Amino acid sequence: MLQVPFIRENKALVIERLAKRNIDATQMINNVINFDEERRRLQTELDNTLAESNTLSKEIGNLYKSGEVEKANLLKEKTSQLKEASKELAEALSSKTEALNELLYKIPNVPHDSVPRGNSEADNEEIFKEGDIPKLYGGALPHWELAKKYDIIDFELGNKITGAGFPVYKGKGARLQRALIAYFLDKNTAAGYTEYQLPLMVNEASALGTGQLPDKEGQMYHVTEDNLYLIPTAEVPGTNIFRDVVLSESELPVSITGYTPCFRREAGSYGAHVRGLNRLHQFDKVEIIRVEHPSKSYKALERMVDHVKDILKELKLPYRILRLCGADVTFASALTYDFEVFSTAQDRWLEVSSVSNFETFQANRLKLRFKNSEGKNELAHTLNGSSLALPRVLAGILENYQTEEGILVPEVLQSYTGFKIIN
RNA sequence: GGAGAAAUGGCAGAGUGGUCGAAUGCGGCAGUCUUGAAAACUGUUGAGGGUCACACCUCCGGGGGUUCGAAUCCCUCUUUCUCCGCCA
């Protein structure tokens with residue numbers, strides 16, 4: 001969530017930048033400022049009442065000691081009045097604070113200066129493109145047909161065991177998945193990321209910390225018996241490592257990577273564009289997460305982009321990079337680059353990675369701070385990116401590497417798979 | 001799942017109704033000394049709110065209660081440890 005002092009001091013800028021998201025935030029921002037003023041007024045009033053009450057309590061103690069019981073009893077009456085007053089004030093204060101927070105939860109992050117204004121994903125800005133789109137043979141198939149032909153992914157079996165969106169990978173298909181995970185993790189750790197294995201379920205506090213709650217509750221699988229949520233991305237457990245943490249400046253930057261399955265309800269999604277591996281309820285992803293000094297976070301974002309580029313280049317997949325427009329940039333992000341691989345047989349681009357700088361938006365909710373050179377606690381910047389999400393990379397490989405003899409395995413993966421062709 | 005014990009600042013660990021935001025040690029930071037470092041010595045060092053800055057307020061696992069007054073007493077929840085049971 002945004003920081004109130006920042007909103008107070010940069011009101012015009014905040015409204016102007018939020019307009020990139022096609023929202024007129026004037027009313028919301030005015031409310032934030034008003035609520036906050038009211039909140040501070042109540043706080044001061046409550047503090048004064050408590051101060052008075054504290055002083056009187058000390059006096060009463062002294063009076064008892066010196067045996068002046070009557071005087072003490074007189075003061076007691078006054079403290080009970082103050083107590084009632086403070087109780088009312090405390091209630092008013094907490095309801096005002098809650099109202100303010102609820103409001104703040106609903107305001108998305110302020111987009112970075114470079115984010116283009118836009119109405120839909122059509123306004124995303126293509127900033128880079130690389131790799132040749134292969135010319136496929138006449139009988140080229142989309143990946144869900146290939147999966148069936150070579151018996152490497154069984155969607156129907158997943159239907160039987162669980163339901164739609166929970167595919168079963170078999171034989172060389174399963175091995176290829178494992179190869180991709182190992183390859184991604186190796187690339188990430190070679191780039192300095194520390195590998196983590198994280199819990200696949202998180203508690204409510206963690207889901208709140210990274211912003212899945214309260215607004216995206218319906219997107220997560222919820223284990224009601226124990227009030228735990230299945231993670232929609234490793235970002236949730238990974239970033240919550242740093243909830244309520246004060247780092248020393250020398251510990252920055254922190255960079256971690258982790259492989260996890262991801263679970264998403266994807267309520268309301270259906271149709272041809274979600275066929276096969278294009279959209280799943282359970283999928284695998286290797287994530288990279290960074291905690292950065294605010295002055296260095298945008299450099300770090302560029303480095304993350306370069307890192308993902310390097311991987312796609314090694315896999316020899318045709319891809320492009322989009323700078324997301326205001327309409328498409330996610331709620332918590334200030335600047336997001338999406339990577340899309342061209343799926344030749346489907347003749348469309350598939351998102352395989354999303355790399356974002358959240359600036360202090362997540363850190364504020366998480367209370368993730370570092371002790372700066374002046375010895376003061378300051379919110380850190382958080383960033384994350386997929387490096388990479390498996391299913392669509394797999395779809396891209398299957399479709400782009402298909403030949404009449406079978407599906408070739410990208411060279412960099414061959415040492416991981418132990419085979420060169422799926423046939 | 002059953003029985004018992006515990007939860008205090010970055011860590012360890014005192015504190016059982018007012019003099020406690022909290023001893024002491026370690027760690028961190030600054031300084032003295034040193035060519036530099038280490039050691040030693042001196043000082044400093046929790047977080048949040050609030051203020052131009054002070055003042056002031058809140059926080060001793062979470063929530064509630066008793067009391068003029070709670071880290072300290074009571075209730076409750078959570079977590080950890082020990083023992084037993086079960087178990088990959």
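Model, not experiment: these values are computed from the prediction. Values reported hereafter were calculated over all heavy atoms of this structure, with side chains retained and with hydrogens, waters and symmetry mates removed. In what follows, every chain begins at residue 1, and chains take the letters A, B, ... in the order their sequences are listed.
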| request: Given side-chain contact (heavy atoms from CB on, under 4.5 Å), test A:Tyr401 with A:Ile422 step by step and report yes or no. | output: CA-CA 10 Å; A:Tyr401 276 86; A:Ile422 298 170; over 6 Å; no
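In this structure, A:Lys172 forms no cation-pi arrangement with A:Tyr150, as its terminal cationic atom is not both closer than 6.0 Å to the ring centre and no more than 45° off the ring axis.
Contacts classified as salt bridge (charged side-chain N to carboxylate O under 4.0 Å, His left out) and involving residues 100-121 of chain A (residues at least two apart or in different chains) are given here: A:Arg17-A:Asp113.
Residues A:His381 and A:Glu292 have side chains that never bring a donor and an acceptor to within less than 3.5 angstrom of each other. A donor atom on one side chain and an acceptor atom on the other are found under 3.5 Å apart for A:Glu359 and A:Tyr298.
Atom P of nucleotide B:rG48 and atom CD of A:Glu378 are separated by 12 Å, given to the nearest angstrom. Rounded to an integer number of Å, the gap from A:Lys376 NZ to B:rU45 P is 15 Å. The distance between atom CD of A:Glu38 and atom P of B:rG49, rounded to the nearest whole Å, is 19 Å. Rounded to a whole Å, the CD atom of A:Glu204 is 14 Å from the P atom of B:rU79. A:Glu37 has its CD atom 17 Å from the P atom of B:rG49, to the nearest Å. In this structure, the CG atom of A:Leu63 is 15 Å from the P atom of B:rG69, given to the nearest Å. The nearest whole Å value for the distance from the CG atom in A:Leu228 to the P atom in B:rU79 is 10 Å.
Within a heavy-atom distance below 4.0 Å of RNA chain B, the residues of residues 76-105 of chain A found are A:Lys76, A:Thr79, A:Lys83.
Under the Watson-Crick or G-U wobble criterion, with both distances below 3.5 Å, B:rU24 is paired with B:rA12. Taking a pair to require two hydrogen-bonding distances under 3.5 Å in either a Watson-Crick or a G-U wobble arrangement, B:rU19 remains unpaired.
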Identify the pairs formed between an N or O of the protein and an N or O of nucleotides 15-20 of chain B at a distance under 3.5 Å, and give each distance.
from   : atom 1 : to      : atom 2 : distance (Å)
B:rG18 : N2     : A:Ser57 : O      : 2.8

Write down the protein N/O and nucleotide N/O pairs, taken from nucleotides 52-62 of chain B, whose separation is under 3.5 Å; answer none if there are no such pairs.
from   : atom 1 : to      : atom 2 : distance (Å)
B:rC57 : OP1    : A:Asn54 : ND2    : 3.1
B:rC57 : O2'    : A:Asp47 : OD1    : 2.8

Taking only nitrogen or oxygen atoms into account, show me every contact under 3.5 Å that the protein makes with nucleotides 7-11 of chain B, one pair per line with its distance.
none

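To the nearest whole angstrom, the two P atoms, one in B:rA71 and one in B:rG63, are 14 Å apart.
Between A:Phe331 and A:Phe361, the angle of the ring planes goes over 60°, which puts this pair in the perpendicular group of the 30/60° scheme.
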Enumerate donor-acceptor pairs with a distance under 3.5 Å from any side-chain N or O in residues 300-310 of chain A to protein atoms, sequence neighbours excluded.
from     : atom 1 : to       : atom 2 : distance (Å)
A:His307 : NE2    : A:Asn188 : OD1    : 2.6
A:Asp310 : OD2    : A:Lys187 : NZ     : 3.0

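Contact annotation for A:Arg39: backbone-only contact, meaning every heavy-atom pair under 4.0 Å involves sugar-phosphate atoms and none involves a base.
Not one N or O on the side chain of A:Arg290 forms a donor-acceptor pair closer than 3.5 Å with the backbone of A:Leu383.
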